[in-house]
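Heads up: the structure comes next, in structure tokens.
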Amino acid sequence: MARIGHNGAEHGENAMVNGSVVCQKPLRVTRSYLPPLGEYIELLRGIWDNRVLTNQGGNVCRLQRELDTCLGVRGALVVANGTLALQIALTAVGARGGEVVTTPFSYVATAHSILWEHCTPIFVDIEPEHFTIDPGKIEAAITPHTRAILPVHVFGYSCDTDAIRTIAADHKLPVIYDGAHAFGARYKGKSLLSYGDISTCSFHATKLFHTVEGGAVITRDPELAAKMDLMRRFGHNGDEHFCVGINAKMSELHAAMGLAILPHVREIICRRQRICEQYDSLLAGVVEHPSDQPDLEPNYGYYPVLFRDEAQLKKVFAALAAQEIYPRRYFFPALNLIPHVTDKSSCPVAQDIASRIACLPLSDGMTSEDVERVCLTLHLALKSS
Ligand SMILES: *Cc1c(COP(=O)(O)O)cnc(C)c1O
């Protein structure tokens, strides 16, 4: 491990005043990327010139085209956020009111979007290697009321898409992948967002690629695409009304942010890769981190680590917080244990993982000294725990 100065003061960020450290840069689990301001202003100028602010304007259309090219998918439809993307997808496949087989290890929006559509989430435990839904346990959860399967490519790790496709086909069920973490990841040679009947993505400010708030639905099925296109804008086209829709439109200002960030996304991923590789080398043998997944080109969206147990996690968190380092408990608690869900059946693997997993600070702007600071503090905290 590289050595850092006493209190990490050698890089000009920290100053000793009366023996205490001041102005130490806080390191949070993530820090939103912002494009060069001039590039965003250029796009705003276009909006000021033509006064189109929303309703599928030029920026939204261009963002959709550029997302298709960047990801290698067809017909990405952008929406106001990743939660609405899930809700629209659930309604489009006819899941409303039925049971939806899903994972207990995800952000709460996965379960809440299911509940919001008056569906019942049925939780199937995860596999312990990469925390995605355990395909061997899906069939036992399927009933005559099941309307969809909604797995999550959590942290950008791929679900077992082959096994899930087979099960879904056997039971004639649609698959919706929550790909909120999947942007830029490729699995078996194609975008991780191109699997399932529908894949959704989130472009929230905390995600790898963002539009401040935003999301997308992606499908190869032209009928589903047409339906979701209408649903995101009140279900009508001019005076013709087709279905019950909602307002899930992305504004031109949000699309402009996406257009300003997209040209930098390769570079963002590369910088995150370097940070993850530095974590890998400094933390090898120190703390558990998932192995590389075969067939996956990762997007380096998150750096999850597993502690021995929750007590150790809490001790380490306290030691890190004292150095202004703030990892996050992604994801805790397991979703089968949150209020408002009725299926509380036990998911021992997810509950164990959720109790002792956290994501370390990771953003494109982190320096190698920042990574060293996290790792050194972690080392010391683990030694004394
Ligand atoms: C962020 C996130 C969402 C929700 O996306 P929003 O754009 O914030 O609505 C859904 N699922 C997962 C797994 C997420 O991490």
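Numbering starts at 1 and runs along the sequence shown. Just follow the structure's listing: the first ligand is 1, and inside any ligand the first atom is 1. All values reported here derive from a predicted model rather than from experimental measurement.
- Remark: ligand 1 atoms within the under-4.0 Å shell around heavy atoms of Ala109 are 3 (C), 4 (C), 10 (C).
- Asp178 contributes no side-chain N or O that, together with a main-chain N or O of Pro151, makes up a donor-acceptor pair within less than 3.5 Å.
- Nearest protein neighbour of atom 15 (O) of ligand 1, counting heavy atoms only, is His181 NE2, 2.7 Å.
- Protein heavy atom at the shortest distance from atom 13 (C) of ligand 1 is Ser106 OG, 3.3 Å.
- Ligand 1 has no atom lying under 4.0 Å from any heavy atom of Ala85.
- Thr110 contributes no side-chain N or O that, together with a main-chain N or O of Ser106, makes up a donor-acceptor pair within less than 3.5 Å.
- Remark: minimum distance from atom 5 (O) of ligand 1 to any protein heavy atom is reached at Ser202 OG, 3.2 Å.
- Closest to atom 11 (N) of ligand 1, if we only count protein heavy atoms, is Asp178 OD2, 2.8 Å.
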Are Asp221 and Thr219 close enough, and set up right, to give a side chain to side chain donor-acceptor pair (under 3.5 Å), and what steps lead you there? CA-CA 5 Å; Asp221 180 330; Thr219 180; 5.4 Å; no
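- Panel note: side chain Glu66, backbone Leu262; no donor-acceptor pair is recorded below 3.5 Å.
- A donor atom on one side chain and an acceptor atom on the other are found under 3.5 Å apart for Glu99 and Thr143.
- Here Tyr33 and His210 keep their ring centres 6.0 angstrom or further from each other.
- Residue Lys207 places a heavy atom under 4.0 Å from ligand 1.
- Heavy atoms of Gly215 come nearer than 4.0 angstrom to ligand 1 in no pair at all.
- Leu193 and Ala182 make their closest contact through CD2-CB, 3.9 Å (heavy atoms, listed as atom of the first residue, atom of the second, distance).
- Close approach of ligand 1 to Asn81 is summarised as follows: ligand atoms under 4.0 Å from at least one heavy atom of the residue are 7 (O), 9 (O).
- Remark: Lys190 is positioned above the aromatic ring of Tyr195, its terminal NZ or CZ atom under 6.0 angstrom from the ring centre and at most 45 degrees off the axis.
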Check the pair Ser291 / Glu129 against side chain to side chain donor-acceptor pair (under 3.5 Å), numbers first and verdict last. CA-CA 8 Å; Ser291 58; Glu129 299 298 317; 4.6 Å; no
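- Summary of contacts: the protein heavy atom closest to atom 12 (C) of ligand 1 is Ala180 CB, 3.3 Å.
- Residue Gly82 has at least one heavy-atom neighbour below 4.0 Å for each of these atoms of ligand 1: 5 (O), 6 (P), 7 (O), 9 (O).
- Residue Phe203 has no nitrogen or oxygen atom sitting less than 3.5 Å from a nitrogen or oxygen atom of ligand 1, judged on distance alone.
- In Glu213, neither the side chain nor the backbone holds a heavy atom less than 4.0 Å from any atom of ligand 1.
- Every atom of ligand 1 is numbered from 1 in the order shown, and the set under 4.0 Å from a heavy atom of Thr110 is 11 (N), 13 (C).
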Hey, mind stepping through Gln351 and Asn336 against side chain to side chain donor-acceptor pair (under 3.5 Å) and telling me if it holds? CA-CA 9 Å; Gln351 287 165 226; Asn336 57 312; 2.8 Å; yes
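- At a heavy-atom cutoff of 4.0 Å, ligand 1 is contacted by both the backbone and the side chain of Thr83.
- Close approach to Gly214 involves these atoms of ligand 1, each under 4.0 Å from a residue heavy atom: 7 (O).
- In terms of polar-atom proximity, His204 is not counted as a contact of ligand 1, lacking any N or O under 3.5 Å from an N or O of the ligand.
- Within the 6.0 Å centre-distance limit, the rings of Phe331 and His181 are counted as a close aromatic pair.
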